[in-house]
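Comments concern the structure below.
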Amino acid sequence: MAKHRSLRLQKKLHVGPFQQFGFALRVSLQAGTNAAAAEALLDDFLRECVDAQQLVFGGGLDSGWIDYDGHASATEAHRAQVAAWWRARPECAVVEVGPLTDAWYGPFDAR
């Protein structure tokens, strides 16, 4: 049986109508990509994709997490745009975009 919680408590716990979703991201760059090129690519990603869609990105390319900036959730459209952005880059070898998952309670693994 589900617990009855007030709206105030649901908001505080990020459950029910206040649940938020995000997704994991893992990117592998082509062998031979130097650190300066990887950093420039990450800067471009943050500016052109993350900031442009009002998302937030945490972690790194080998294990990152993307969520919506604010009280909303990331969507399937956000997942598709992030994947398309990375797949369009010639420096990128492998892109793994995880399913939408609860941003507060997980699971957080993209595999």
Side-chain angles (χ1 to χ4, degrees):
M1 183 168 166
K3 269 187 161 176
H4 175 72
R5 294 184 170 127
S6 68
L7 281 178
R8 179 176 173 270
L9 187 55
Q10 288 180 43
K11 184 176 181 181
K12 186 175 186 174
L13 295 174
H14 302 278
V15 296
F18 303 100
Q19 187 176 20
Q20 293 175 290
F21 293 95
F23 56 94
L25 172 70
R26 290 182 192 198
V27 176
S28 296
L29 299 179
Q30 296 286 350
T33 304
N34 65 27
E39 188 173 333
L41 187 62
L42 185 58
D43 287 342
D44 290 344
F45 170 65
L46 294 173
R47 184 180 59 257
E48 296 172 11
C49 194
V50 173
D51 292 343
Q53 297 183 67
Q54 297 178 330
L55 298 171
V56 291
F57 176 73
L61 294 180
D62 60 339
S63 179
W65 179 260
I66 297 180
D67 196 0
Y68 193 78
D69 188 16
H71 296 291
S73 289
T75 64
E76 288 295 334
H78 291 129
R79 288 181 68 244
Q81 289 173 346
V82 167
W85 192 94
W86 280 107
R87 290 187 177 121
R89 302 297 174 266
E91 304 93 340
C92 185
V94 178
V95 177
E96 294 178 32
V97 179
L100 288 177
T101 352
D102 189 304
W104 289 91
Y105 300 106
F108 300 108
D109 193 9
R111 295 179 211 182

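Model, not experiment: these values are computed from the prediction.
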Between [atom1] of [X] and [atom2] of [Y], what distance do you get to the nearest 0.5 Å?
| X | Y | atom1 | atom2 | value |
| --- | --- | --- | --- | --- |
| Asp44 | Glu91 | CG | CD | 8.5 Å |
| His14 | Phe21 | NE2 | CZ | 13.0 Å |
| Gln30 | Cys92 | CD | SG | 7.5 Å |
| Glu48 | Leu41 | CD | CG | 9.0 Å |
| Leu61 | Glu39 | CG | CD | 11.0 Å |
| Gln53 | His78 | CD | NE2 | 5.0 Å |

Practice problem: Using the ring-ring contact (aromatic ring centres under 6.0 Å, His included) rule, pick out the option among Phe23, Trp65, Phe45 that qualifies with Phe57. | Solution: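 Testing Phe57 for a ring-ring contact (aromatic ring centres under 6.0 Å, His included) against Phe23, Trp65, Phe45 leaves exactly one candidate, Phe45.
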
So, do [X] and [Y] sit near enough that their side-chain heavy atoms are less than 4.5 Å apart?
| X | Y | answer |
| --- | --- | --- |
| Asp67 | Trp104 | no |
| Trp85 | Val95 | no |
| Leu55 | Val82 | yes |

Quiz prompt | Other residues, nucleotides, ligands: >12 heavy atoms within 6.0 Å of Arg8 CZ | solution = no

Considering non-hydrogen atoms only, spot the tightest contact between [X] and [Y] and give its length.
| X | Y | result |
| --- | --- | --- |
| Gln81 | Cys49 | O-SG, 4.2 Å |
| Leu7 | Pro17 | CD2-CG, 4.3 Å |
| Ala103 | Gly22 | CB-N, 4.0 Å |
| Pro107 | Thr101 | O-CG2, 2.8 Å |
| Phe18 | Gln10 | CD1-C, 3.7 Å |
| Leu100 | Ala74 | CD2-O, 3.7 Å |

Self-check item: Val15 reachable from Leu9 in the ILVMFWY side-chain graph, under 4.5 Å edges
Solution: yes

Exercise. Check whether Ile66 and Leu46 end up in the same hydrophobic cluster, where Ile, Leu, Val, Met, Phe, Trp and Tyr are linked by side-chain heavy atoms less than 4.5 Å apart.
Key: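 Both belong to a single hydrophobic cluster.
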
